[in-house]
Protein chains: 2
Amino acid sequence: MSNLQIPLDAETKAIETPEDHRDELRLWLRLLTCSTLIEGEVRRRLRDQFDVTLPRFDLMAQLEKTPDGMTLSDLSKRMMVSNGNLTSLVDRLVTSGHIERRVSEIDRRAQIINLTPAGRSEFRVMAAEHEAWIAEIFGGLTQREQKDLMRLLAKTKLSARNAIIGVAQ
Amino acid sequence: MSNLQIPLDAETKAIETPEDHRDELRLWLRLLTCSTLIEGEVRRRLRDQFDVTLPRFDLMAQLEKTPDGMTLSDLSKRMMVSNGNLTSLVDRLVTSGHIERRVSEIDRRAQIINLTPAGRSEFRVMAAEHEAWIAEIFGGLTQREQKDLMRLLAKTKLSARNAIIGVAQ
DNA sequence: CCCAATTATTTTAGGCTTAAAATAATTTGA
DNA sequence: TCAAATTATTTTAAGCCTAAAATAATTGGG
């Protein structure tokens with residue numbers, strides 16, 4: 001036998017040696033590493049420089065985009081977190097004076113969440129810094145590379161969504 | 001005035017309108033969306049099909065790569081989580097019989113963690129499924145696109161590390 | 001009209017996560 | 001040698017997160 005790596009019978013190869021997906025696994029682990037690395041650094045800077053957590057910052061970022069406010073359900077969809085999770089997060093941000101909530105006039109089950117003027121102005125300061133951090137973190141990529149990465153991630157997002165819907169439906 | 005978008009004095013532009021980093025921000029948000037989307041789906045399938053959480057799976061994955069076991073400190077570095085976090089995670093995996101710990105003979109402060117035979121064989125079944133899920137999720141990308149994405153993420157990782165070290169040191 | 005289904009939110013139970021302080025063992029340098 | 005510094009781990013306090021069940025309001029079909 002000259003090469004022990006090659007199965008004896010090519011016909012049975014697919015059965016005996018399942019397809020190798022190690023490259024996709026490496027790709028996923030690298031994507032996850034990038035995300036974890038950057039997210040951790042953003043968390044650290046938000047805490048050190050503004051004494052704010054990332055979930056609170058994210059919630060305020062969503063509200064800043066919608067001047068008329070949003071319901072908790074809308075927020076939970078946009079932030080991709082569970083509904084129950086938002087209850088306590090919103091509570092804390094109300095307590096700290098960053099946001100306010102009022103019961104919807106057209107649907108008394110729903111609450112409309114809004115930034116307070118103080119919350120909005122504080123958020124804008126943080127957001128400007130945050131944007132600069134992100135630019136710094138991606139600064140090692142050329143404009144062209146950033147554009148390519150953007151396109152490939154768009155495709156990845158689509159591909160992932162298809163795989164997810166394929167299971168759920 | 002024909003165009004209100006252009007500052008009157010080009011000299012002062014850099015001061016009055018800070019650099020625009022919205023593209024980098026969009027890039028980061030897209031990266032984060034991909035990561036969150038895929039991670040959420042992996043969590044869901046691990047729970048539904050194997051009744052295991054992602055942190056437990058990740059811990060076992062690290063141990064599977066090192067047959068001689070690891071200390072908690074090594075694990076915490078590899079998994080990029082805090083030391084204190086591992087204490088309870090390891091406790092639960094010991095309780096469920098997936099891993100075992102013994103005090104190091106050369107350093108009585110340290111513990112060596114290892115997969116049990118049952119834990120190892122259970123992990124291998126899960127890992128094979130997990131690998132197939134990831135392949136499915138990235139299935140919408142060609143080989144070429146996967147290779148490009150891999151390269152761009154490697155560069156992103158480097159760029160992020162530089163930005164992080166630049167602050168810490 | 002009215003009740004069943006739906007929708008919005010909260011509660012609950014359990015797990016994950018961190019930073020910081022505490023505990024315990026080892027190493028190092030005078 | 002031996003005390004100070006370092007290293008490994010645990011504990012603590014607080015927050016984040018989820019799924020599932022519960023509560024409360026609205027909507028739609030008969």
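These figures come from a predicted structure and were not determined experimentally. Numbered from 1 within each chain, the chains take letters A, B, ... in sequence-line order.
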| task | Would you indicate which nucleotide in dT17(C), dT18(D), dG15(C) comes nearest to any side-chain atom of T53(B)? | result | dG15(C)
| request: Please find out if less than 6.0 Å separates the ring center of F50(A) from that of F57(A). | output: no
| said: Could you tell me how far apart L89(B) (CG) and dT9(D) (P) are, to the nearest whole angstrom? | reply: 14 Å
| said: Are more than 12 heavy atoms, taken from residues, nucleotides or ligands other than D51(B), located less than 6.0 Å from that residue's CG atom? | reply: no
| message | Tell me which residues in residues 28-35 of chain B lie within less than 4.0 Å of DNA chain C, going by non-hydrogen atoms. | response | none
| said: Tell me the interatomic distance from R44(A), atom CZ, to dT17(C), atom C1', rounded to whole angstroms. | reply: 14 Å
| field | Between P of dT7(C) and CG of L72(A), the distance in whole Å | value | 17 Å
| said: Salt bridge check, R144(A) against D148(A): does any charged N sit closer than 4.0 Å to a carboxylate O? | reply: yes
| Nearest to the side chain of N85(A) - dA8(D), dC17(D), dT10(D)? | dC17(D)
| Can you check whether L37(B) reaches M80(A) side chain to side chain, under 4.5 Å on heavy atoms? | yes
| note | Whole-Å distance, I112(B) CD1 to dA8(D) C1', equals 11 Å
| What residue pairs, at least two apart or across chains, pass salt bridge (charged side-chain N to carboxylate O under 4.0 Å, His left out) with a residue in residues 63-84 of chain A? | E64(A)-R124(A)
| What's the CZ-P distance between R43(B) and dT17(C), to the nearest Å? | 7 Å
| query | Which distance, rounded to the nearest 0.5 Å, do you find between the CD of E136(A) and the CD1 of I164(B)? | reply | 9.5 Å
Nucleotide N/O to protein N/O under 3.5 Å, stretch nucleotides 20-25 of chain C:
{"unit_1": "dA25(C)", "atom_1": "N3", "unit_2": "R109(B)", "atom_2": "NH1", "d": "3.4"}

| In terms of side-chain heavy atoms of N83(A), which of dT17(C), dT10(C), dT9(D) is nearest? | dT10(C)
| request: Select base, sugar-phosphate, or nothing to describe what M80(A) touches, counting heavy atoms under 4.0 Å on all strands. | output: sugar-phosphate
